[in-house]
Amino acid sequence: NQQHNPHELLCQLKHRVNLTTLKSSDLPDSARFWSQYLPNKDIHEVVGKLRQCAVVSSAGSLKGSRLGQEIDSHDAVLRFNAAPTKEFEIDVGSKTTFRLINSQVVTRVDHHFLENRIYKDMILIMWDPAPYDADIYQWYKKPEFKFFEPYRKYRIANPKQPFYILKPQTLWQLWNIIQENSPELIQPNPPSSGSIGILLMMNICDEVNVYEFLPSLRRTDRCYYFKPYFDSACTFGAYHPLIYEKNVFKKLNLGTKEDVYKKGKVTLSGLRQCLP
Ligand code: NCC
C-alpha cells in the first residue's frame, strides 16, 4: 500500500493509465470482420481538448436535485449506459456529448442497442473486461461479452457516429492505482463505468465536475434516478470496487465539502495539470 498525495495521484493517473482507444492494427487479422469498423484515429485526436466537462452518475440521489441547468452549462457532458435524459431534464440536464457503455449494453437483447434512440447523436465509448494479465489478442479470443457482431451492425447502420472501444488493459492500469490507494485488498474486478468515465474526461478536459458519484445528503438506497429499483450495492459496490473508486476521486476533489453535501459534486482538475 503506497498511498499517493493528491498531486502525485493525479500524475500517476496521467502516466500509468493509457486511456487510448482500439484501432484495427491492435488486433489480429482474424478480427478484421469487425475491427475494420473501428475508428482509424484515437478518440483524443478527434475530440481534442475541452475546457469544462461534467460527468453524471446514474445514482438515485440525482432525483429531485434540480442540477440539470448546471450540468448542461458544461462544454461537454458524459453519461453512462442506458441512463436517459428525456423526462429527467430538470434533475440531470439534456446535453449528452459522450456516453460510456459496458459491453452488456451492446450485447444483451433487452437493451435494444441497435434500435434505441438513446445511443444516437453522441460519441459512444464501450468497454469490455479482460482477465488481469491478458493482452489484446487473448482478450479478443475470450471477451466477457461477444460484442463483435452488434458492434459491426451498429457501425454499418450509423457510419458517421463516432464509436470507440477502450483497450482492456486500461481498466487494470486504473485498478492498480485504486488498489494502491486503498487501505485493504479490493475486489479483483474492473472499476465501474463511473471511474472509467471520470478518467476519460480528465484526459480530455481542463476541469471535470462529477455529479452524485460521491453521494450528496440526498443519498438513498434507490439505485437509479430513472427507475424505482432499490439496492445499496449500486452506490457502494459489490462486483466493482466502487467504494474504493469513490475514495480515490474524493482525494482529488478541489471543490468544497458543501458542494459534495448539496450537489454530490466533486471538482477535479484535468490530467494536463500534472506537469510535464
Ligand atoms: O449501474 P450503472 O453501472 O449503469 O451506473 C453507471 C455508473 O454510475 C455510478 N453509480 C450508479 C448508481 C448509483 N446508485 N451510484 C453510482 O455511483 C457507478 O459509478 C456506475 O458505474 C457499470 O459500471 O457499467 C454499471 O452497469 C450496470 C449495467 O450493466 C448497466 O446499467 C446496463 O444495464 C451494472 N449492473 C448490472 O450488471 C446489473 C452495474 O453493476 C455497473
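Counting from 1, the numbers follow the sequence of the chain as shown. Just so you know, ligand 1 is whichever comes first in the structure, and atom 1 is the first atom listed for that ligand. Owing to the predicted nature of the structure, the values given are computational and were not obtained by experimental measurement.
In this structure, the ring of Phe147 has its center less than 6.0 angstrom from the ring center of Trp139.
Under the 30°/60° scheme for interplanar angles, the aromatic rings of Phe213 and Phe249 are found to stand perpendicular. Relative ring orientation between Trp175 and Trp172 is described as perpendicular, the plane-to-plane angle rising above 60° on a 0-90° scale split at 30° and 60°.
Residues with a heavy atom under 4.0 Å from ligand 1: Ser57, Ser58, Ala59, Phe80, Asn81, Asn102, Gln104, Val105, His111, Ser192, Ser193, Gly194, Phe213, Cys223, Tyr224, Cys234, Thr235, His240, Leu242, Lys246.
With respect to Glu70 and Lys265, a salt bridge is recorded, a charged nitrogen being found less than 4.0 Å from a carboxylate O. One finds a salt bridge joining Asp206 and Arg272 here, because a Lys/Arg side-chain nitrogen approaches an Asp/Glu carboxylate oxygen to under 4.0 Å.
Scanning for side chain to side chain donor-acceptor pair (under 3.5 Å) contacts around Thr96 gives Arg79, with sequence neighbours left out.
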